[in-house]
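Any value given below was found using the heavy atoms of this structure, including those in side chains, with hydrogens, waters and symmetry copies removed. Just so it is clear: chains get the letters A, B, ... in the order the sequence lines come, proteins before strands, and each one is counted from 1.
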2 protein chains.
Amino acid sequence: MNASRTARERVRAELIKEITDIARRHLATAGAPGLSLRAVAREMGMVSSAIYRYFPSRDDLLTALIIDGYNALGEAVERADAACAAGDFTGRWLAVCRAVREWALAHPHEYALLYGSPVPGYAAPQDTVAPAVRDTAVYGRIVTDAHRAGRLVPPPICPPPPAVLAEDAEVVRSLMPGVPDDVVTRAIAAWTGLFGMVSFELFGQFNNTITHRAELFDHNVTCLGRLLGLPE
Amino acid sequence: MNASRTARERVRAELIKEITDIARRHLATAGAPGLSLRAVAREMGMVSSAIYRYFPSRDDLLTALIIDGYNALGEAVERADAACAAGDFTGRWLAVCRAVREWALAHPHEYALLYGSPVPGYAAPQDTVAPAVRDTAVYGRIVTDAHRAGRLVPPPICPPPPAVLAEDAEVVRSLMPGVPDDVVTRAIAAWTGLFGMVSFELFGQFNNTITHRAELFDHNVTCLGRLLGLPE
DNA sequence: TGTGATTAGAGAGCACCGCTCTTGACGTAA
DNA sequence: TTACGTCAAGAGCGGTGCTCTCTAATCACA
């Protein structure tokens, strides 16, 4: 009973993997709006309706791709961080930034799915929340480690954050325990700045303007790291 | 001859305006992928094919909406800047940032069209370039004015930009003449940081995390302004 | 003022989409 | 052997962008 059931389950799991693989390939060429269940089915030699046995709707297929995307990006970021000396906080920050950018450049449509305009009518289910913070968790560890090592010295150029932000800071602090509010808000600024850079480059805002994008990126995220208080 | 021709032309212009208005309304509810020529035609009491008399393709309609969007945002930014005292550079920067954010919050799908994931298969024609830099031009004037007034004092926390960025800086400098490379790169960082903040908020990255978004936004763009060297 | 040229909308039609429903084949457990 | 759950197939619904042809209105000019 168990053997036969797992046999079926195994075929099912393989088909699901094949579907998501093909869907990811289609996503990479046509983008999220152009992702078509029928086209995926055609490529699998299936009839379109058969896909619904595996994904009850197009949105569920999208959800699977989103979760895979967050995990892939998170893994890339984790790998980049792990390759650095634990005490080289500036190096870890730069490595994480580069990992984000390089993953985004290699998978532009997946990045757009994660950090670009939301797909209209699609509401991300709860399953996407955990993988979504994998990269941010790495970032939080870097900030925490640097802070604990006493190497996080924010330059005194920002006003203190308004008191009302304390409760939001408390939530973010779950990713960087013990870090003071001022650093938390700077950390948010640096993180959003990183994704602002990547999005600008990827979404075409640098067209006809910036040619040395890697160099500009490195330089700017370095500045953001300094703003955050990372050592030189 | 002229009068009659303009009569026809006038009707045509009015119809074009009506089409784009309806399209913009549809865009505001269904987003770019959901923008449907047929739905627009239906609402106008026309048959779908009639729209093609005015816009040869869906892409041309999108282009019109993009140009209108850039102009609307640019105008909002210009108005916000003009409402400030010319010598209050920090106030002008904050006003511009707020104008961008508020326009984006009021027109999320239009913002997504301009600064979100590019529409797959759509290539922005040259007509969109000029309106696209209207907001950036205002920003450039603020930086230039502050620099000329000697009020732009970048804190010495960033390394000097690598020499290879000089040629890109030269291009950007057309918007902020006379400003040194170091400030140009910081200006880019602040500008991308601004849009990173807006995009994160609008595209859902702050969900379940940040509740006092206006306050965080104000605080963070203020930090970015300080990084740029704007006075307190 | 009448006429030929131009422009407009209507409608049918093509190929595609996501999605739903029913039908029949198949393997498995009782 | 029978009964059940799973699955592929296919038809069909209403929608999409876009093209084509046909007719009606409008315009420019003789």
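- With hydrogens and angles disregarded, no donor-acceptor distance shorter than 3.5 Å links the side chain of Trp103(B) to the backbone of Tyr111(B).
- By the 30° and 60° cut-offs, the orientation of the rings of Tyr139(A) relative to Trp93(A) is tilted.
- The shortest non-hydrogen separation linking Tyr70(A) to Leu114(A) is OH-O, 3.5 Å.
- Not a single donor-acceptor pair under 3.5 Å links the side chain of Arg98(B) to the backbone N or O of Asp218(B).
- One interatomic measurement links the two molecules: CG of Leu37(B) to C1' of dA10(C), which rounds to 17 Å at whole-angstrom precision.
- Put simply, the side chain of Ser174(A) gets close to the backbone of Val171(A): a donor and an acceptor are under 3.5 Å apart.
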Where protein sits on nucleotides 8-13 of chain D, one letter per nucleotide: B base, S sugar-phosphate only, - none, heavy atoms under 4.0 Å
BBB-B-
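- Across the protein-nucleic acid pair, His26(A) atom NE2 and dC17(C) atom C1' stand 14 Å apart, rounded to whole Å.
- Asp59(A) contributes no side-chain N or O that, together with a main-chain N or O of Tyr122(A), makes up a donor-acceptor pair within less than 3.5 Å.
- Using a 4.0 Å cut-off, no side-chain N or O of Arg42(A) falls inside it from OP1 or OP2 of dC16(C).
- For the pair Tyr52(A) and dT20(C), the criterion of a side-chain N or O lying under 4.0 Å from OP1 or OP2 is not met.
- Contact check of residues 56-64 of chain B against DNA chain D (heavy atom, cut-off under 4.0 Å) returns Ser57(B), Arg58(B).
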Taking it one step at a time, do Asp60(B) and Thr63(B) satisfy side chain to side chain donor-acceptor pair (under 3.5 Å)?
CA-CA 5 Å; Asp60(B) 293 86; Thr63(B) 298; 5.5 Å; no
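- Between the P atom of dT7(C) and the CZ atom of Arg12(B) lies a distance of 9 Å, rounded to the nearest Å.
- Here ring-ring contact (aromatic ring centres under 6.0 Å, His included) pairs that include residues 14-38 of chain B, with residues two or more places apart or in two chains, number zero.
- Ile19(B) has its CD1 atom 11 Å from the P atom of dA8(C), to the nearest Å.
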